[in-house]
Colleague: 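Sharing a structure below in structure tokens format, with a few things to ask.
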Amino acid sequence: MSVGVQRLRDEPDVIRRGALDKGEDATLVDTALALDARRRALLGEADALKAERNSASKRVGVAIQAGAAPNGPEVAALRAASVAAGERIAALDVAIGRVEAELEDALLRIPNPADPDVPVGDASASVTVRTWGDLLPRAMPASGPRGTDAGAGATAWERRPHWDVAQRLGIFELERGAKIAGSGFPVYRGAGAGLQRALIDFFLTVHTRENGFTEIWPPAVVNAASARGTGQIPDKEDQMYVVTRDELYLVPTAEVPVTNLHRDEIFEAGELPVRYAAYSPCFRREAGAAGKDTRGILRVHQFDKVEMVLFETPEASAAALEWMVGRAEDLLRRLGLAYRVLLMATRDMGFVQAKKYDLEVWAPGVERWLEVSSCSSFRDYQARRMAIRYRPAPGARPELVHTLNGSGLALARVVAAILETYQEPDGSVRVPEPLRASLGADVLRPPA
RNA sequence: GGAGAGGUCGCCUAGAGGCCUAGGGCGCCGCACUGGAAAUGCGGUAUGGGGCAACCCAUCGAGGGUUCGAAUCCCUCCCUCUCCGCCA
């Protein structure tokens, strides 16, 4: 992940401004530029010496074949020249290695500048782009949407938080999950498990049959190179479960394996866009988040998610982000869940994103917005690190693709929103229409 | 996990310390020939970096080593295939 040295040289002011807008250190831009200049100077020197050594070595061979004694003075002189060059090369290579490591380090700490249309500021500057659906209140008035005949203004019943609803339905087993794995590893039982399966199937079916995505079913672990590719290490290493014995990382999102599918590859002209939809379990240690949103299934160590991953040409990426957000919204609408779309401000969007939208679903039982999707464009920032390129035209020089990804959607919080939105006073929960066939039920009822 | 064989240009392959500036074939692109095409001939056809440029440097799975010089020799690792073992 990095802005490239080329862009750094071309428009340092934009990069500096971008770093400041994200609350990062802008002086690294000048550090990097100085290192880049130093690197180029050393490289020029070393390359010249290498050319010298190559030709000297060649002359050794030529001389011997021409009849010179392999141990004679003529050959010895040529060898000496080559060795001398070799010694200076070794020293220069060490220096270059050091400068490149420093440059790399500086580049890694320079954030991706946000797009010009992203609001500058902290979370308070983030903008609600649109809201869809009815924001149901917890206290249902007697004459409410599904009210009874009781007097107007009276409260007929109160919605419960999803963990209560789930308990009455017997579909989560959080304590047993804690017993067999640990807290934050929910077990879904019966219709709860079916709901998971139905949602995954619903999301993937819409994406593959209507939205033109190719489905990917990726490994749940990745190697270090892949974790580095999408920037999980070194930045977010604390958030990942690591299988140290085999140097494998449990995926925190399908973004990691799926984006890495095309690491070090070049798409031919005309192959873009490439659009993948992938289900995967997601594993997150949530280090440092203890006590926040820990109730129910709002923040867990393992959850399920269908992820959208896009590889686009630079010209198409801006429109692709809007399109992708629309695909995620479509799923929420079909489920009948009220939501809002937020355009995240510069200090609220993360280091590597150029533009990011969050989708938050309304959970009326707790009267809160829950993040169920985060859709981002990285422009070429991720692609540079992973060397994912494309040929603009047949035979043309490869250029970096633009990568984007977004949840479509994350399950656990969608389940919470469904339970809270569709609950009835008697503890039953109506099943959103798209899930009924798969679940084989219109209503989930508490056991008698 | 054990034994063996491999990893070279988009694909197939040659290659065994200096004739490798990696050859040949296929594919692809251009040109010629043609009314047009096929066939044929000629030329081109990796990626990254440096340089205004000519051009130079690096890369033969990855990383180390030996050597004046490594695709080639040595070491470690990764991957693929075959056989055996184990197994949902």
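No hydrogens, no waters, no symmetry mates; every other heavy atom, side chains included, goes into these values. Residue numbers begin at 1 in each chain, while the letters A, B, ... track the order of the sequences.
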Colleague: For B:G48, which nucleotide is its Watson-Crick or G-U wobble mate, given both distances must be under 3.5 Å?
Modeller: B:C57

Colleague: Please report, rounded to the nearest Å, how far the C1' atom of B:C79 is from the CG atom of A:Asp246.
Modeller: 16 Å

Colleague: I'd like the C1' distance from B:A32 over to B:G69, given in whole Å.
Modeller: 43 Å

Colleague: In Watson-Crick or G-U wobble terms, both distances under 3.5 Å, what is the partner of B:G35?
Modeller: none

Colleague: Need one value for A:Arg389: base, sugar-phosphate or nothing, where a base atom within 4.0 Å counts as base even if backbone is also close, heavy atoms only.
Modeller: sugar-phosphate

Colleague: Does A:Arg275 make a cation-pi contact with A:Trp323, if we ask for NZ or CZ under 6.0 Å from the ring centre and within 45° of the axis?
Modeller: yes

Colleague: May I have the distance from A:Asn223 (atom CG) to B:G61 (atom C1'), rounded to whole angstrom?
Modeller: 14 Å

Colleague: With rounding to whole Å, what would you report as the distance between B:U8 and B:G15 at their C1' atoms?
Modeller: 9 Å

Colleague: Heavy-atom nearest nucleotide on RNA chain B for A:Lys50 versus A:Ser82: which residue maps closer to 5'?
Modeller: A:Lys50

Colleague: Rounded to whole angstroms, how far apart are CZ on A:Arg384 and C1' on B:G49?
Modeller: 15 Å

Colleague: Both distances below 3.5 Å, Watson-Crick or wobble geometry, any strand: find the nucleotide opposite B:G1.
Modeller: B:C84

Colleague: If the C1' atom of B:A71 is compared with that of B:C20, how far apart are they to the nearest Å?
Modeller: 9 Å

Colleague: Hunt down the Watson-Crick or G-U wobble partner of B:A14, both distances under 3.5 Å, from any strand shown, or write none.
Modeller: none

Colleague: Relative to the ring of A:Tyr188, is the ring of A:Phe172 parallel (under 30°), tilted (30 to 60°) or perpendicular (over 60°)?
Modeller: perpendicular

Colleague: Does B:A70 pair with anything, Watson-Crick or G-U wobble, both distances under 3.5 Å, and if so, with which nucleotide?
Modeller: none

Colleague: What integer number of Å spans the C1' atoms of B:G51 and B:A70?
Modeller: 28 Å

Colleague: In whole Å, what is the span from the CZ atom of A:Arg391 to the P atom of B:C29?
Modeller: 14 Å

Colleague: Please name the pair of heavy atoms, one in A:Leu370 and one in A:Arg413, separated by the smallest distance, quoted to 0.1 Å.
Modeller: CD1-O, 4.0 Å

Colleague: Taking atom CG of A:Asp358 and atom CD of A:Glu360, what is their separation to the nearest 0.5 Å?
Modeller: 6.0 Å

Colleague: What nucleotide among B:C68, B:C57, B:U21 has an atom nearest to a side-chain atom of A:Asn54?
Modeller: B:C57

Colleague: Considering Watson-Crick and G-U wobble pairs with both distances under 3.5 Å, what does B:G63 pair with?
Modeller: B:C75

Colleague: Going by purine N1 to pyrimidine N3 plus the second Watson-Crick contact, or the G-U wobble pair, all under 3.5 Å, which nucleotide sits opposite B:C42?
Modeller: B:G30

Colleague: Expressed in whole Å, how much space separates the P atoms belonging to B:A37 and B:C29?
Modeller: 13 Å

Colleague: Given B:G69, B:A46, B:U21, identify the nucleotide with an atom nearest to the side chain of A:Lys58.
Modeller: B:U21

Colleague: Pair A:Ser374, A:Lys356 - check side chain to side chain contact (heavy atoms under 4.5 Å, CB included), show working.
Modeller: CA-CA 7 Å; A:Ser374 182; A:Lys356 172 173 144 178; 3.3 Å; yes

Colleague: Looking only at non-hydrogen atoms, find the nearest pair between A:Arg285 and A:His301 and report the distance.
Modeller: O-CE1, 2.7 Å

Colleague: Is there a donor N/O on one and an acceptor N/O on the other, under 3.5 Å, for the side chain of A:Asp47 and the base of B:G51?
Modeller: no

Colleague: Could you tell me the separation between the CZ atom of A:Arg397 and the C1' atom of B:G48, rounded to a whole number of Å?
Modeller: 9 Å

Colleague: With rounding to the closest Å, how many angstrom separate the C1' atoms on B:G63 and B:G7?
Modeller: 16 Å

Colleague: Aromatic rings A:His262 and A:Phe311: how do their planes relate, parallel, tilted or perpendicular, breaks at 30° and 60°?
Modeller: perpendicular

Colleague: Assess whether side-chain hydrogen bond (donor to acceptor under 3.5 Å, both in side chains) is satisfied between A:Gln196 and A:Asp304, documenting all intermediate values.
Modeller: CA-CA 8 Å; A:Gln196 295 283 120; A:Asp304 301 273; 3.1 Å; yes

Colleague: Would you check if A:Met386 and A:Arg228 make a side-chain contact, meaning some heavy-atom pair closer than 4.5 Å?
Modeller: no

Colleague: Using a 4.0 Å cut-off on heavy atoms, which residues in residues 264-274 of chain A reach RNA chain B? List them by number, or say none.
Modeller: A:Ile266

Colleague: When you look at A:Tyr381 and A:Gln353, which way does the side chain to side chain contact (heavy atoms under 4.5 Å, CB included) test go after all the steps?
Modeller: CA-CA 8 Å; A:Tyr381 200 80; A:Gln353 290 86 355; over 6 Å; no

Colleague: Contact class for A:Val60 (heavy atom, under 4.0 Å): base, sugar-phosphate, or nothing?
Modeller: base

Colleague: Expressed in angstrom and rounded to an integer, what is the separation of A:Glu247 atom CD from B:A62 atom C1'?
Modeller: 14 Å

Colleague: Between A:Ala396 and A:Ala51, just flag the one whose closest nucleotide in RNA chain B comes earlier from the 5' side.
Modeller: A:Ala396

Colleague: Could you give the distance separating B:C84 and B:C74 at their C1' atoms, to the nearest angstrom?
Modeller: 30 Å

Colleague: Round to a whole Å and report the spacing from CZ of A:Arg385 to C1' of B:G48.
Modeller: 17 Å

Colleague: For B:C55 and B:A22, measure between their P atoms and round to the nearest Å.
Modeller: 15 Å

Colleague: Within residues 36-44 of chain A, which residues have any heavy atom lying less than 4.0 Å from an atom of RNA chain B?
Modeller: A:Arg39, A:Arg40, A:Leu43

Colleague: State yes or no: are the ring centers of A:Trp217 and A:Tyr279 separated by less than 6.0 Å?
Modeller: yes

Colleague: What is the separation between atom CG on A:Leu92 and atom C1' on B:G49, rounded to the nearest whole Å?
Modeller: 16 Å

Colleague: Does B:C19 have a Watson-Crick or wobble mate here (both distances under 3.5 Å), and if so which one?
Modeller: none

Colleague: State which of B:G48, B:G69, B:G50 makes the closest approach to the side chain of A:Arg53.
Modeller: B:G69

Colleague: Measure the CD-CG distance between A:Glu420 and A:Asp164 for me, rounded to the nearest 0.5 Å.
Modeller: 9.5 Å

